[in-house]
Amino acid sequence: GSRDYTSYVQAAVSKYSNIVFPGFPILVNDSGINIGSNKTITFQDGSEIRLKGTSNEGYNILNISGVSNVTLYNPVIIGDRETHIGTSGEHGMGIGIRGSSDISIYNAKITNCWGDGIYIGQSNRTVNCKNILLKDTYLRKNRRDGLTIIAVDGLLVDNIYAGYSDGTKPWSGINFEPNNTECELKNIRINNPRTENNGSRGIQLTLRNMIGTSNKTVDITIVNHIDIGSPQNAFKIACSPTDEITGKMYGKIDLVNPTWIKSSTRDIPMDVSSNQSNFKFNIFSPEVTVISGKVLSYSDTYDLLMKQASRISLMVTNILPDLVEVISPSEESSGTTDESSAQPIFAVNAGGSSFTASNGITYSSDKNFNAGSVYQTSSSISNTSDDLLFQSERFGDFSYNVPVSDGTYEITFRFAEIYHQVSGKRRFDVKAEGQTVIENLDVYDVTGATFKAYTVVKTVSVTDGTLNLNFWTDIDNAKLSALHIIKK
């Protein structure tokens, strides 16, 4: 990690379609590495790209521009925030994706960039990105934003941490920031984002620049957003073009099951401003913890958030929509977003009896398990209309082994803490095919309540004819309420 290998790395990436990085750090300069079409790049354990300190105000350590069909596995990128020469500028990106399509990035870890961890935008100010997947992404201590989204049609972000962004505004975990009227923000889904202690906001959307003489439609769904400690707000929307702008904004933003913990020094966790009457903002089952540490009741949360209703077409409800399943960007753009389009090959109500849920899936009585014990409660479960699915559990150290054909599978895990009444009493891991897909989960700590439903969706590949799921205890007992499996 002390010698500049940019030219050698670039030569290899340009020449070959399947590239594996060695298991040690490599130093590159601010030219970055340009990645062409039809590339698969894998980072082994110990692989790491470090940026040599530069005075350049803008760079892309990995540059994906105007290309298609690129897959990155396990990239680890460290920017030059600590070694940067000078104090100005804000456009030093860990991964820059511009005007590209069919890009998949798995398990990226990007820290200390001069600008954003990941940037999704345009090439030539006109070509938007299409069909982008970010899976299990970790973005920390980047100077501007963790993730910036400028223009994309078809984006799935599944499990992302974006924390401690500070240094130059807007200081957000996730920032939607279209630059011009050619930008589109469509078919976007973000599952399980966690934003933490960013300099300003957890997630923000500033949409005014999209609107010109033509109408625009936005389609964004964000599920299970957790924000902790953002000093301004957990969530911001701004869409107020000036009077001379003739175009209108249509569409909606659905915010499902957000949990905002001490997300505003003023106890105003959300800031919305819009003069667009056809633009809708829906919030389902929110939970707010104020600075004092008090968890607001739903009625108090409703009153607090509805104070913003005069500034946007806002609906706040405690009823969750059927938005559990994760749909790939290509499926979303084709319109097949209902659960009936992908029926489970396996579904069980752990520790319980057969049950048909509101999503139409029939969960069988418990089967295909090894070890573990069973516990049940009759208490009602919040955050779901399918109480019975969460009133039983298998707990301990146990496994499920499901015969399947080889391929890629999506696993929906359902949990509720039905025993402990404080955090720190239970913590556990879940492995799928030997890989840890859920780590250090404390269900009470995530939901902030006993008897509250929580859902996690993960994707795994199977090559040996059996999907193996292992539940391991860290503190007290691992547990599961239910699960179902869909072949992708």
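Predicted model only: the values in this text are computed from it and were never measured.
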Between Glu184 (side chain only) and Val152 (backbone N and O only), is there a donor and an acceptor less than 3.5 Å apart? no
With rounding to the nearest 0.5 angstrom, report the CG to CE distance, Asn180 to Met210. 9.5 Å
Would you compute the distance between atom CD1 of Ile381 and atom NZ of Lys452 and round it to the nearest 0.5 angstrom? 12.0 Å
Which residue pairs pass the salt bridge (Lys or Arg N to Asp or Glu O under 4.0 Å) test when at least one of the two sits in residues 80-90, sequence neighbours left out? Arg81-Asp166, Glu90-Arg144
Side chain to side chain contact (heavy atoms under 4.5 Å, CB included) evaluation trace for Lys248 with Ile211: CA-CA 7 Å; Lys248 302 295 183 183; Ile211 308 175; 6.0 Å; no
Starting from the C-alpha separation in whole Å, work towards a yes-or-no answer on salt bridge (charged side-chain N to carboxylate O under 4.0 Å, His left out) for Asp158 and Lys135. CA-CA 5 Å; Asp158 193 11; Lys135 176 82 172 163; 2.7 Å; yes
Around atom NZ of Lys39, are there more than 12 heavy atoms of other residues, nucleotides or ligands at under 6.0 Å? yes
Going by distance alone, is a donor N or O of one side chain under 3.5 Å from an acceptor N or O of the other, for Gln10 and Ser14? yes
Separation of Ile149 CD1 from Ile120 CD1 (nearest 0.5 Å): 5.5 Å
Is the distance from the ring center of Phe21 to that of Phe43 below 6.0 Å? yes
Chi angles and distances behind the side chain to side chain contact (heavy atoms under 4.5 Å, CB included) call for Val28, Lys52: CA-CA 6 Å; Val28 300; Lys52 183 179 180 180; over 6 Å; no
Do other residues, nucleotides or ligands put more than 12 heavy atoms under 6.0 Å from Arg208 CZ? no
Could you tell me whether the side chain of Cys183 reaches within less than 4.5 Å of the side chain of Ile150, counting heavy atoms only? yes
Would you say the side chains of Asn69 and Asn38 form a donor-acceptor pair under 3.5 Å? yes
Are the side chains of Asp145 and Ile174 in contact, using a 4.5 Å heavy-atom criterion? no
Do Arg125 and Gln122 pair up side chain to side chain, a donor and an acceptor below 3.5 Å, judged on atom types alone? no
Backbone of Pro241 reached by a side-chain donor or acceptor of Asn275 within 3.5 Å: yes
Go through the steps to decide whether Tyr138 and Arg194 satisfy the test side-chain hydrogen bond (donor to acceptor under 3.5 Å, both in side chains), and finish with yes or no. CA-CA 10 Å; Tyr138 180 88; Arg194 183 184 179 100; over 6 Å; no
Could you check whether any side-chain heavy atom of Leu389 comes within less than 4.5 Å of a side-chain heavy atom of Ser481, counting everything from C-beta outward? no
Polar contact flag, side-chain donor to acceptor under 3.5 angstrom, Glu244-Thr242: yes
If you count heavy atoms of other groups shown closer than 6.0 angstrom to OH of Tyr302, is the number above 12? no
Just by distance, do the side chain of Asn224 and the backbone of Pro193 share a donor-acceptor pair under 3.5 Å? no
Check: Ser31/Asn29 side-chain N/O donor and acceptor closer than 3.5 Å: yes
Please check if the side chain of Ser100 supplies one atom and the backbone of Gly66 the other of a donor-acceptor pair under 3.5 Å. yes
So, does Ser297 use its side chain to make a donor-acceptor pair with the main chain of Asp300 at under 3.5 Å? yes
Does one side chain, of Thr195 or Asp227, offer a donor that lies under 3.5 Å from an acceptor on the other? yes
Indicate whether any N or O donor in one side chain lies under 3.5 Å from an N or O acceptor in the other, for Trp114 and His91. no
Mind checking the CG-CZ spacing from Asn233 to Arg201? Nearest 0.5 Å is all I need. 4.5 Å
Point-to-point distance, once rounded to the nearest 0.5 Å, from CD1 of Ile105 to CD1 of Ile110: 7.0 Å
Pair Ser165, Asn198 - check side-chain hydrogen bond (donor to acceptor under 3.5 Å, both in side chains), show working. CA-CA 5 Å; Ser165 304; Asn198 292 288; 3.0 Å; yes
Using a 4.5 Å cut-off on heavy atoms from C-beta on, say whether the side chain of Asp219 contacts that of Leu185. no
Checking the side chain of Ser68 only, and the main-chain atoms of Ser37 only, is there a donor and an acceptor separated by less than 3.5 Å? no
Is the closest side-chain donor-acceptor distance between Asp136 and Asn159 under 3.5 Å? yes
State, with a plain yes or no, whether a side-chain heavy atom of Ile245 is found less than 4.5 Å away from one of Thr213. no
Closest non-hydrogen atoms of Ile77 and Gly94, given as atom of the first, atom of the second and distance, are CD1-O, 3.8 Å
Determine yes or no for a side-chain-to-main-chain donor-acceptor pair under 3.5 angstrom, with Thr455 supplying the side chain and Arg414 the backbone. no
I would like to know whether Arg311 and Asp271 meet salt bridge (charged side-chain N to carboxylate O under 4.0 Å, His left out); could you show each step before the answer? CA-CA 9 Å; Arg311 307 173 68 192; Asp271 179 18; 3.2 Å; yes
Got a second to check how far Asn142's CG is from Ile118's CD1, nearest 0.5 Å? 9.0 Å
Would you check if the side chain of His225 reaches a backbone N or O of Pro258 as a donor-acceptor pair within less than 3.5 Å? no
Flag the pair Leu139 / Ile160 as yes when at least one side-chain heavy-atom distance between them is below 4.5 Å, and no otherwise. yes
Worked check of ring pair (Phe, Tyr, Trp, His ring centres under 6.0 Å) between Phe281 and Phe235: CA-CA 12 Å; Phe281 181 32; Phe235 199 89; 5.6 Å; yes
Relative to the ring of Phe413, is the ring of Phe415 parallel (under 30°), tilted (30 to 60°) or perpendicular (over 60°)? parallel
Given the rule in the side-chain hydrogen bond (donor to acceptor under 3.5 Å, both in side chains) test, do Asn383 and Ser285 qualify, once you have shown the distances and angles that lead to the verdict? CA-CA 7 Å; Asn383 209 28; Ser285 191; 2.8 Å; yes
Do His484 and Phe346 have their ring centres less than 6.0 Å from each other? no
Distance-only polar pair, side chains of Glu287 and Asn257, donor-acceptor under 3.5 Å: no
Can you find a pair of side-chain heavy atoms, one from Phe279 and one from Ile237, that are under 4.5 Å apart? yes
Quiz question: by atom type and distance under 3.5 Å, do the side chains of Asn34 and Asn63 form a donor-acceptor pair? yes
Considering only residues two or more places apart or on different chains, which pairs with a residue in residues 103-112 satisfy side-chain hydrogen bond (donor to acceptor under 3.5 Å, both in side chains)? Asn74-Asn107
Do you see a donor-acceptor pair shorter than 3.5 Å between the side chains of Tyr164 and Asn197? yes
Is the closest side-chain donor-acceptor distance between Glu177 and Thr148 under 3.5 Å? no
Using only heavy-atom distances, determine whether the side chains of Ser358 and Asp386 contain a donor-acceptor pair under 3.5 Å. yes
Donor-acceptor pair, distance only, cut-off 3.5 Å: does the side chain of Thr40 make one with the backbone of Leu72? no
Can you check whether Arg50 reaches Glu48 side chain to side chain, under 4.5 Å on heavy atoms? yes
Quick check against the 3.5 Å criterion: does Ser292 have a side-chain atom that pairs as donor or acceptor with the backbone of Val290? no
